[in-house]
Amino acid sequence: MSHTTVLDQRTAGAVTHDLAVDFHTLGLAGCIDKLTAPLRQQGVAVHWETPHHGIEIPAACAALLYQAAQETLTNASKYSRATALTVRLAAVFHGVRLTITDDGVGFSADSNANSRSNHGYGLRLMAMAVHEAAGTITVESARGEGTRVCITLPLD
């Protein structure tokens, strides 16, 4: 993937919380896995990488990661034409990281950022929410090379 775009706080509003999600019963990974059902129905192979480090993720952090996964997986389902997708949820130094990578058609991050169309608002809203939570987000994509979304949130 040749293009890296770091989205910033100036580009959008906020992400709302999905109150119907039961993190206590399913855990964050289980809730995100439910979001992959449309992709699996399309024939996309979904791979999981969830190293177990025994960390507890606060509810607000879990809700934000869930919403980010929802936006990313919805975009992948609608636009990527991917055949494989990897979801990685891992502990990192003083935080948690969610990475979703697909092998789809990708997009030109520059043309999307400079477009006057309605495309990309979900990514901008997600970036705003992540930055408000003192986290980082990167979106890497290039036409024909797939897309990788990486979100890191602090836990302290």
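Worth knowing before you read on, the calculation uses all heavy atoms, side chains too, and leaves out hydrogens, waters and symmetry mates.
When all heavy atoms of D33 and T36 are compared, the pair lying nearest together is O-OG1, 2.6 Å. Listed here is the closest heavy atom pair of L35 and P38: O-CD, 3.3 Å. In this structure, S80 and D102 approach most closely via the heavy-atom pair CB-OD2, 3.8 Å.
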Give the intermediate values and the outcome of side chain to side chain contact (heavy atoms under 4.5 Å, CB included) for residues V130 and T136. CA-CA 6 Å; V130 168; T136 61; 5.5 Å; no
Pair L64-E132, side chain to side chain contact (heavy atoms under 4.5 Å, CB included): steps then yes or no: CA-CA 11 Å; L64 179 53; E132 285 179 2; over 6 Å; no
Could you go through T86 and E49, starting from their C-alpha distance and side-chain angles, then the distance that decides it, and tell me whether this counts as side chain to side chain donor-acceptor pair (under 3.5 Å)? CA-CA 7 Å; T86 300; E49 297 176 2; 5.1 Å; no
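Going from atom CD1 of I100 over to atom CG of L89 covers 9.5 Å, rounded to the nearest 0.5 Å. Taking CZ from R148 and OG1 from T138, the interatomic distance works out to 5.5 Å, rounded to the nearest 0.5 Å. Here the CG-CD distance, from N75 to Q70, works out to 11.0 Å after rounding to the nearest 0.5 Å. Distance check, rounded to the nearest 0.5 Å: CG of L73 to CD of E71 gives 9.5 Å. Considering CD of Q67 and CD1 of I32, their distance stands at 10.5 Å, rounded to 0.5 Å. Separation of atoms OG1 (T74) and CG (L39) is listed at 8.5 Å; rounding is to 0.5 Å.
Under the 4.5 Å side-chain contact rule for hydrophobic residues, Y66 and W48 share a cluster. No continuous path of ILVMFWY side-chain contacts below 4.5 Å connects L65 to L26, so the two sit in separate hydrophobic clusters.
With sequence neighbours excluded, no residue forms a side chain to side chain donor-acceptor pair (under 3.5 Å) with T99. Residues forming a salt bridge (Lys or Arg N to Asp or Glu O under 4.0 Å) with D103 (at least two apart in sequence, or on another chain): none.
Enclosure of atom CZ in R40 by more than 12 non-hydrogen atoms of other residues, nucleotides or ligands within 6.0 angstrom is indicated.
Side-chain atoms of L155 and E56, non-hydrogen and from C-beta on, never get closer than 4.5 Å to each other.
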